Structure formats: structure tokens, C-alpha cells
Protein chains: 2
Amino acid sequence: MFSLAEENYLKAIYHLESKTQGAVSTNAIADAMATKPSSVTDMVQKLADKKVLSYIKYKGTSLTDKGKKTAANVIRKHRLWEVFLVEKLNFHWDEVHDIAEQLEHVHSTELIARLDKFLGFPDFDPHGDPIPDKHGNIKPTEKKLLSELNKNQKGVCVGVKESNSDFLQYLDKKHITIGTKISVLGKEFFDGSMVIQVGRDQFFISKKIAENLYMQTN
Amino acid sequence: MFSLAEENYLKAIYHLESKTQGAVSTNAIADAMATKPSSVTDMVQKLADKKVLSYIKYKGTSLTDKGKKTAANVIRKHRLWEVFLVEKLNFHWDEVHDIAEQLEHVHSTELIARLDKFLGFPDFDPHGDPIPDKHGNIKPTEKKLLSELNKNQKGVCVGVKESNSDFLQYLDKKHITIGTKISVLGKEFFDGSMVIQVGRDQFFISKKIAENLYMQTN
DNA sequence: TATAATTTTTAGATAAGGCTAAAAATAAAA
DNA sequence: TTTTATTTTTAGCCTTATCTAAAAATTATA
């Protein structure tokens, strides 16, 4: 069992590893966690003792399989709770992060298994990020921007890139949300604008809109 | 904002105050929290500084209005989460305590407001305990004996009057426990016997049984 | 009411997690 | 290849929440 602090370190290191290659530096972790490098050194040494990461002085750290699995599980919980908050409690996509940040540390595998089922075994969270399975595996996925689709292609909205209130309100008005199917009826190469179909409605969207919607196409 | 430990102390003291009258003793708190009296003294002094309770050396403590409200709010969260776990995630009523114990410390008034609405503004948790409102007030509730109910009335079992082993074993066999919903399908005025419904089962009970079950009816 | 028993508090210690300042190692620049 | 700059670690200290052991206050008993 890991403490709240330990879980947060593992999560941060997991995210950092996926963004860069090679060992993760102490300073990078300190930046990501808004803490001091000296605190990171202490914690990383403790986590190395617990076999969730390997650490070489002055050379940085990388998660072991056990560490990756633990981190992925925390991320799984975070993302499932985000789906719950948005789908069931009607929060907006941009309001859920801080709450999920707390909920992710509730310990109970049974709880998460049941929550997963209650939510219909979702594959993506409201930001379009994939939800790891109970073994910590993430289904390899093709997440594209709507703006990358061409005429006659279609997909399912899996998240938003920018999530300012005006944008979310626009999506609300157009009834676009996670899981909404969108078809590209036309695309103007001059300005990247599109005509799309959402349900029975067909309408025009600008390139700016299309560039902020994550789509899954398979 | 209160720490996890502070919230747990407030909650424990709140429960102890409702069970006894007068100030709560240091040892009573230590017992309730499975901690040492010396630890309680430290914490209680800290909480007195924060104006959530009044503390007189060697004389015990009692919550201030602020302390009561804070404690009631933690209890409100705990009980709402228990409803969620049982009603939505299909946990059994006796499996939810430990999980709710963690969930109750998630900080977000908006979350609780929305959860409350999602659950249909419940008044009681699965154990039959009342859920404080957002101001910390608990609706005064009427606890009756099952024998006082009439045909077509129903309620939730909130406790037993006599608790000898034979009686408890009988309840076990009939799947009656704290939180069990019981409906009175028929009542014989000659001997006070009843036909009741528990879950999907319908069966006969004597007056003696009915006189030993506390019910909450609303 | 003086003594014994119990309760409560204080003093000092520990573990987790974090910080500052200084030292050591590594990387970059001259 | 020295020297300088940056990164990382170490050492020592702080806070929160806990503990044990001893002292003090209160309560019970003789």
C-alpha cells in the first residue's frame, strides 16, 4: 500500500516517462510536483527501496514494472472518477480535475471494479485520455483532432484539447459531448472550416473548433 | 479547512456527545479513536485553538457550534457516499463503511451538492441513520417499534430493543439487519402478529418479534 | 480526611514529508 | 583541459500526528 504522497510521485514520474525517453531527472519531478529537488531525492530513495523505481544517484530514475502498474492504477482511478463526475453528476470537463485528484487515492479495488461497471466500462475519460485497464494496460488508441479528419470520415468525440468555459458552452449548445458521433460532410481547405453532422443536425464549424476536439476513429 | 485527523476527531467527539451528556472525556475519545489519551490531549488543544471545541484541562471538551457544524458535515458526506455505494454500486450495506470513511474526507461542497441531487436527496443512509442537511441540521426522526406500524406501512430497521443471541440469530436467518426495509403486508389485531415483506420474502412474525425491532418510518 | 486509584497532562521521541543552505557531482564553456 | 554553471545530494531543521514514560490533578476509598 502506498501513501498519498508516494502515489502522487509515481503518477508524476509515469507521466514524465511517457513524455520523454530515458531516466527522469530529479529537477523534472520537482517541477512537475511543485516541490524542491531535495524533497524529490528523499522520496525517490524511499520508492527505490520499495522496488517501484530504479534510481542511480545523479542519473535519475525510471519506474519498474511494479511502479508502472501502480501508477497506471492511480491514473485509472482518476480517469474513472472523472467520467463519473461528468457523466453522472453533470460537472463540466474542466471542473473535475481537482476532485478526481482526491478521489483517486481512495483505496478499494472492489469500489473501482463496481464504478467501472456502473459507468459502462468506459475507454476514455472526459478529456479524451484513455483509461488503463485493471492490469495497468492502456489500449493503444488513435486519438486525432477533428481538424485532421477529411470529408466523409467520421468518429466519436473522446475529449477536448482546450477547455475554457466559452468553448464548453458552445459544445453544450451544439450537443457535442463525450461519445458524440461526428461525421465530416465537407471540408474547406482554404480556411480549414468544416460542415459536420451531429445527430440530425448539420452545421458549420471553424478550424479553431475542429482543432480543439479529440476524436477516435475506429 | 481541517486535516483528515482533525475531521476524524470532530466526528468522534460529535458521536460521543450525542451518546452522553456533559463534556466528553479524554479517555472516551481515545477509546473511540483507538489512540492514546496523550495524543487526544494534544489534538484537543489544537482544536480548541481553532475554536471548534471548548476544552478545560482535566474537565473534558465539548464542541462549539462551529465544531458541530463541521462534524455534521463530515457525517453528511459519509452517509451520502454510503447511499451511493449501496444504491448505485450495489454494495451490501455492511461493506460500505470503510470506503465511506475515506470518501468522507474529499473536499468539495459542489461535489456533495451534486451527489445529494443525484441520489434524490435521501434522508437516511443504508443503516437507517439520518443524513444531516448542508447546514448540519438533522431532521428529528421518529423511531417506532415495528409492532406500532399498521398494515401497508413500511420503514427501515434501525435497531433492536432486546439483543439476546436467539433473537439476533432469528434476524440473521430472516435477513433482517440494520438498514433492512420492512413492509407490513398484514396485521392481526387479535394477537398482534404480522405478515411482513423483507426483500422478496414474505413471512409471518409474532408480536414478540415486532416489539423488539426499532423502525424508522418516512 | 488522608491515602490509593484513576484519569489526564506534560515531556521527550519517532516517522513521514517537506524546506533551506551548503557540499558534491556532472555538464557546459572558455 | 581547466574553469564556470548547473544539477543533485546531503545535512540539519520544521510540522503534523503519533507514541511511551513520568508527573500532576482528580476521584474514589478506607
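Chain A is the first sequence line, chain B the second, and so forth, proteins listed ahead of strands; every chain is numbered from 1. Below, each value reflects all heavy atoms present in this structure, side chains not excepted, and no hydrogens, waters or symmetry copies. Everything quoted here is computed from the prediction, not taken from an experiment.
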- Message: Ignoring hydrogens, what is the shortest heavy-atom contact between B:Pro122 and B:Leu80? Give both atom names and the distance.
- Response: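 That would be CG-CD2, 3.8 Å.
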- Item | Those residues of residues 99-108 of chain B lying under 4.0 Å from DNA chain D by at least one heavy atom | none
Length of the [atom1]-[atom2] vector between [X] and [N], whole Å:
X: A:Leu47; N: C:dG18; atom1: CG; atom2: P; value: 11 Å
X: B:Glu6; N: D:dT15; atom1: CD; atom2: P; value: 15 Å
X: B:Asp42; N: D:dT20; atom1: CG; atom2: C1'; value: 13 Å
X: B:Leu4; N: D:dT18; atom1: CG; atom2: C1'; value: 14 Å
X: B:Ile56; N: D:dT26; atom1: CD1; atom2: P; value: 12 Å
X: A:Asn8; N: C:dA16; atom1: CG; atom2: C1'; value: 14 Å
X: B:Lys57; N: D:dT26; atom1: NZ; atom2: P; value: 10 Å
X: A:Met33; N: C:dC19; atom1: CE; atom2: P; value: 10 Å

For [X] and [N], is the shortest distance between a side-chain N/O and OP1 or OP2 below 4.0 Å?
X: B:Tyr58; N: D:dA23; answer: no
X: A:Thr26; N: D:dT9; answer: yes
X: B:Thr35; N: D:dC19; answer: yes
X: A:Gln45; N: D:dT9; answer: no
X: B:Lys59; N: C:dT7; answer: no
X: B:Thr41; N: C:dT9; answer: yes
X: A:Tyr55; N: D:dT9; answer: yes
X: A:Asn27; N: D:dT6; answer: no

- Item | Nearest-nucleotide comparison on DNA chain C, the residue closer to the 5′ end among A:Pro37 and B:Ser25 |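 This one resolves to B:Ser25.
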- Message: Any side-chain to backbone donor/acceptor pair from A:Glu17 onto A:Leu63? Under 3.5 Å, distance only.
- Response: yes
- May I ask you to decide if A:Ala100's main-chain N or O and A:Glu82's side chain share a donor-acceptor pair within less than 3.5 Å?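 Such a contact is absent between A:Glu82 side chain and A:Ala100 backbone.
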- The single option from A:Arg76, A:Lys77, A:Lys134 that satisfies side-chain hydrogen bond (donor to acceptor under 3.5 Å, both in side chains) with A:Asp116 is A:Arg76
- Task: Could you tell me whether B:Glu110 and B:Arg114 make a salt bridge, using a distance below 4.0 angstrom between a side-chain N and a carboxylate O?
- Result: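 Yes, this pair counts.
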- Going by an N to O cut-off under 4.0 Å, is there a salt bridge joining A:Glu162 and A:Lys208?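 Not counted as a salt bridge, because no side-chain N and carboxylate O are separated by less than 4.0 Å.
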- Query: Taking the six-membered ring of B:Phe84, is the NZ or CZ of A:Lys88 close enough (under 6.0 Å from the centre) and on axis enough (within 45°)?
  - Reply: no
- Among side-chain atoms of B:Ser25 and B:Asn27, is any donor-acceptor pair under 3.5 angstrom?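 On atom types as modelled, these side chains do not qualify, holding no pair under 3.5 Å.
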- Query: Looking only at N and O atoms, is any donor in the side chain of B:Ser38 or the base of D:dT20 less than 3.5 Å from an acceptor on the other one?
  - Reply: yes
